[in-house]
Amino acid sequence: MNQEPRWLPLAEVIPGTPLAADLADGEGQLLLTAGSRLDAHRLQQLARQGIATVPVPPPPPPPTPEEMARREGKARLRMERRFAHAGHGQASRALFQVLLQRQLEMR
């Protein structure tokens, strides 16, 4: 399934993002090829050249419920190992839940 790239303003591009398609200037001159990584220096160069937007890959599809359950199970197992000697007090369990939720949000 080959998806169309999305065009993102330079200010929103995270350094390290690859180009999803070749990038040309207004006269058709090739500036960068698909797959080139956009580091901070290159983003500044493009801005100086008057490039306002660049083609980047579309966001990944959201995870399926099964994938979410698998991720949560793995994260819970990691956290349980880390909290193995923390006791079962209310504060330990609250911290466990907060850290588990943070782990899940980061993925």
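Along the sequence shown, residues are numbered consecutively beginning with 1.
By the 4.5 Å heavy-atom criterion applied to side chains, Phe96 and Glu80 are counted as neighbours. Considering only heavy atoms from C-beta on, Pro57 comes within 4.5 Å of Pro18 through its side chain. Proximity of Leu104 to Glu72: side-chain heavy atoms (C-beta onward) are separated by under 4.5 Å at one or more points. Side-chain contact between Leu31 and Leu46 is present, with heavy atoms from C-beta onward closer than 4.5 Å. Between Val56 and Arg6, the closest side-chain pair of non-hydrogen atoms falls below 4.5 Å. Arg82 places none of its side-chain heavy atoms less than 4.5 Å from the side chain of Leu99. Side-chain contact between Val54 and Thr17 is absent, with no heavy atoms from C-beta onward closer than 4.5 Å.
Contact record, Ala86 with Ser92: O-OG, 2.9 Å, taken as the closest heavy-atom pair. Looking at every heavy atom in both residues, Pro55 comes nearest to Trp7 through CD-CZ3, 3.3 Å. Across all non-hydrogen atoms, the minimal contact from Ile51 to Asp25 is CD1-CA, 4.2 Å.
Atom CD of Glu12 is surrounded by more than 12 heavy atoms from other residues, nucleotides or ligands within 6.0 Å. Atom CG of Leu30 is surrounded by more than 12 heavy atoms from other residues, nucleotides or ligands within 6.0 Å.
Summarising the geometry, atom CD belonging to Gln44 is positioned 12.5 Å from atom CZ belonging to Arg42; distances are rounded to the nearest 0.5 Å. Annotation: the span from Gln49 atom CD to Leu10 atom CG amounts to 10.0 Å, rounded to 0.5 Å. In this structure, the separation between CG on Leu100 and CD on Glu105 is 10.0 Å, given to the nearest 0.5 Å.
Look at Glu67 and Arg71 and you find a salt bridge, because one of the NZ, NE, NH1 or NH2 atoms lies within 4.0 Å of a carboxylate O, short of that distance.
The backbone N or O of Asp22 sits nowhere less than 3.5 Å from a side-chain atom of Thr33 that would complete a donor-acceptor pair.
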